Engineer: 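Have a look at this one before I ask anything.
Here is the naming used below: chain letters follow the sequence lines, and residue numbers restart at 1 for every chain. Predicted model only: the values in this text are computed from it and were never measured.
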2 protein chains.
Amino acid sequence: MHKEHTLTKNQQIIFDLIDKSPEPMKAYSILFNVQKKGIKAPLQVYRALDKLVEIGKIHKIESRNAFIACHNSSCQMAKATAFSICEICEKVTEISNDSLSKYLANFKDKDGMKYSKYNLEFFGLCKKCKVK
Amino acid sequence: MHKEHTLTKNQQIIFDLIDKSPEPMKAYSILFNVQKKGIKAPLQVYRALDKLVEIGKIHKIESRNAFIACHNSSCQMAKATAFSICEICEKVTEISNDSLSKYLANFKDKDGMKYSKYNLEFFGLCKKCKVK
DNA sequence: ATTAAATTGTTATAATATAACAAAATGTAA
DNA sequence: TTACATTTTGTTATATTATAACAATTTAAT
Ligand SMILES: [Zn+2]
Ligand SMILES: [Zn+2]
Ligand SMILES: [Zn+2]
Ligand SMILES: [Zn+2]
């Protein structure tokens, strides 16, 4: 469950845009789309993105430098994220799987080190792209 | 086990540099370090990096835009990678763990989809940084 | 009201990565 | 070993992603 945060004006504008996008959005595409709402500079976008990532409302897809809204109630504050990425159509889905998240949250390396955070990206072909 | 590849001149120069670096290296730091060897342009570096990643001799740490040499005989051609990253000193270690790699290689999402490739990045504090 | 903290606006610049095209080196097969 | 295709290299320019620095404004607690 996400802690509730009151988003600021810029954060809300940018979150709404990402949230209604069917694909991950890149920062400068976001910028282009919100210029009519008065957000003119890259830094305004990046600041909002940083905050939204920090509070877990969006996630960054590291391999794509792109951002998607979180629709997964089990990922807490961006500390435990997993995604599937289609290498053809670039569709990205957040994975919500108890077994996986438990396995990773409890994973210890050979020195017994436990980690406070992880990000996992799976790559393959989505259903649509597989049949083609 | 890695398939053997004969590296080209630029690939070898850049691999040697990364291989002997104790930390992940960034592209423009690599460029700076190989300029005395005649590699003058970013594209020369990126081309070598692309190829080295493709054949599994190095890996890209996506969250850091940096590259490390592979020292893990079980990760094949960059298709299955896992790293631990210290959030203070930025030390990166490639994780070699049979249980983990089997678990992830066999992971199926709720639609029964299996993936051909994954990258996992764990974050936390390394031993040294933990005691401070 | 006072003050501290967070957010915003703005300009400039840094850092990361690719496009496009020509030349050279390398591999393959008559 | 010549002819041809493929890969690699060199080079210039440019695109994309992200942050520095600083002033002004808004918000939230005292
Ligand atoms: Zn999420
Ligand atoms: Zn697809
Ligand atoms: Zn490896
Ligand atoms: Zn450390």
Engineer: Could you check A/Tyr118 against A/Ser101 for side-chain contact (heavy atoms from CB on, under 4.5 Å), going step by step and ending with a plain yes or no?
Structural biologist: CA-CA 10 Å; A/Tyr118 67 79; A/Ser101 50; 3.6 Å; yes
Engineer: Centroid separation under 6.0 Å, is that true for the rings of A/Phe122 and B/Phe107?
Structural biologist: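 B/Phe107 vs A/Phe122: aromatic centres under 6.0 Å.
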Engineer: What's the CG-P distance between A/Leu7 and C/dA6, to the nearest Å?
Structural biologist: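 Roughly 16 Å, once rounded to whole Å.
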Engineer: Between B/Ile30 (CD1) and C/dT16 (P), how many Å, whole number?
Structural biologist: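 After rounding, the gap between these two atoms is 11 Å.
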Engineer: Using the ring-ring contact (aromatic ring centres under 6.0 Å, His included) rule, collect all pairs that involve residues 82-106 of chain A, keeping only residues at least two apart or in two chains.
Structural biologist: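 Output for this query lists A/His59-A/Phe83, A/Tyr103-B/Tyr103.
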Engineer: Which letter, B, S or -, goes with each nucleotide of nucleotides 7-21 of chain D from 5' to 3', with contact meaning a protein heavy atom under 4.0 Å?
Structural biologist: -SBBBB----BBBBB
Engineer: Can you tell me how far P of C/dA17 sits from CG of B/Leu31, to the nearest Å?
Structural biologist: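 My rounded result for the distance is 13 Å.
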Engineer: Do B/Glu121 and B/Ser63 get their side chains close enough for a donor-acceptor pair, meaning under 3.5 Å?
Structural biologist: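 Yes, because at least one side-chain N or O of B/Glu121 sits under 3.5 Å from a partner of the opposite role on B/Ser63.
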Engineer: Which pair of non-hydrogen atoms, one from A/Ile14 and one from A/Ala48, has the smallest distance, and what is that distance?
Structural biologist: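 Heavy-atom minimum between the residues: CD1-CB, 3.6 Å.
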